[in-house]
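We number each residue from 1, following the sequence as shown.
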Amino acid sequence: MTFCPRRIDPSAEAGHRRAFAKRGIRITVERISGMSPATVSFFAEVTALVQNYTPDGAAASRTGYGAGAPGGISQGDRTIIVMATDLAERRFPLPLAKNDRITLVTTGERLNVVKVDPDKRAMAGAIELTAAGVP
């Protein structure tokens with residue numbers, strides 16, 4: 001599937017770009033496709049916003065909900081926001097998909113994409129995803 005840009009709001013995109021300039025970090029997005037010996041690898045290094053999930057100590061706790069329950073957050077889950085045009089410019093095949101890999105360049109930490117939400121920030125030209133790894 002090829003990248004088909006949606007209608008992007010320039011002010012929303014500019015706001016995301018300012019946030020990336022202020023607190024973005026470099027990440028490498030990786031996808032390995034195919035079966036051995038004919039595997040194909042795609043890599044792209046881009047700037048992204050990475051947010052760690054932290055437990056809210058003030059919230060009332062509930063019991064009986066596992067990490068797999070709706071709304072469950074596993075330790076090490078992160079929200080990552082990337083610009084679709086940044087990936088497309090580096091010829092990374094879009095859309096992002098479950099099991100793509102993310103490497104945080106600053107720490108070398110490797111994460112696995114567990115969920116992709118291309119619609120949540122589409123008006124800014126951004127893709128929000130959830131990636132998991134052990135901190």
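- At least one side-chain heavy atom of Pro93 sits less than 4.5 Å from a side-chain heavy atom of Arg31.
- When all heavy atoms of Ser41 and Ile32 are compared, the pair lying nearest together is OG-CG1, 3.8 Å.
- Note on Glu13 versus Arg18: no salt bridge recorded, every NZ/NE/NH1/NH2 to OD/OE distance being 4.0 Å or above.
- Expressed to the nearest 0.5 Å, how far CG of Leu96 lies from CG of Leu94 amounts to 6.0 Å.
- Side-chain contact between Ile127 and Ile80 is absent, with no heavy-atom pair separated by less than 4.5 Å.
- Between Thr28 and Ile102 the shortest side-chain heavy-atom distance does not fall below 4.5 Å.
- Looking at heavy atoms from C-beta onward, Leu104 lies in side-chain contact with Ile25 at the 4.5 angstrom threshold.
- At a threshold of 4.5 Å between non-hydrogen side-chain atoms, the residues Lys115 and Lys98 do not count as touching.
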ask   = Can Val29 and Leu87 be said to form a side-chain contact (heavy atoms from CB on, under 4.5 Å), step by step?
value = CA-CA 9 Å; Val29 183; Leu87 291 170; 4.0 Å; yes
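- Heavy atoms only, all atoms of each residue included: Ala132 and Asp77 are closest at CB-OD1, 3.3 Å.
- Taking both residues in full, the closest heavy atoms of Ile8 and Ala124 are given as CG2-C, 3.8 Å, listed atom of the first, atom of the second, then distance.
- By the 4.5 Å side-chain criterion applied to Ile, Leu, Val, Met, Phe, Trp and Tyr, Phe20 is assigned to a cluster that also includes Leu49, Ile81, Met83.
- For the atom pair CG of Asp86 and CZ of Phe92, the computed distance is 13.0 Å after rounding to the nearest 0.5 Å.
- Side-chain contact check for Thr103 versus Phe43: every heavy-atom pair is 4.5 Å or farther apart.
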side-chain contact (heavy atoms from CB on, under 4.5 Å) assessment of Arg23 paired with Gln51 = CA-CA 10 Å; Arg23 59 181 199 89; Gln51 300 171 323; 3.2 Å; yes
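- Here OG1 of Thr47 is found 4.0 Å from CZ of Arg26. Values are rounded to the nearest 0.5 Å.
- Heavy-atom minimum distance, Val116 versus Pro118: O-CD, 3.5 Å.
- The shortest side-chain heavy-atom distance between Met123 and Arg7 does not fall under the 4.5 Å cut-off.
- Counting non-hydrogen atoms of other residues, nucleotides and ligands closer than 6.0 Å to CZ of Arg90 gives a total above 12.
- Minimum heavy-atom separation, Leu111 to Ala131: CB-CB, 3.8 Å.
- Taking CZ of Arg78 as the reference point, atom CD1 of Ile27 lies at 12.0 Å (rounded to 0.5 Å).
- Counting heavy atoms from C-beta on, the side chains of Val114 and Leu129 never come closer than 4.5 Å.
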message = For a salt bridge (Lys or Arg N to Asp or Glu O under 4.0 Å) check, start with the C-alpha distance between Glu30 and Arg110, then their side-chain angles and the critical distance, and finish with the verdict.
response = CA-CA 10 Å; Glu30 173 186 359; Arg110 294 183 53 88; 3.4 Å; yes
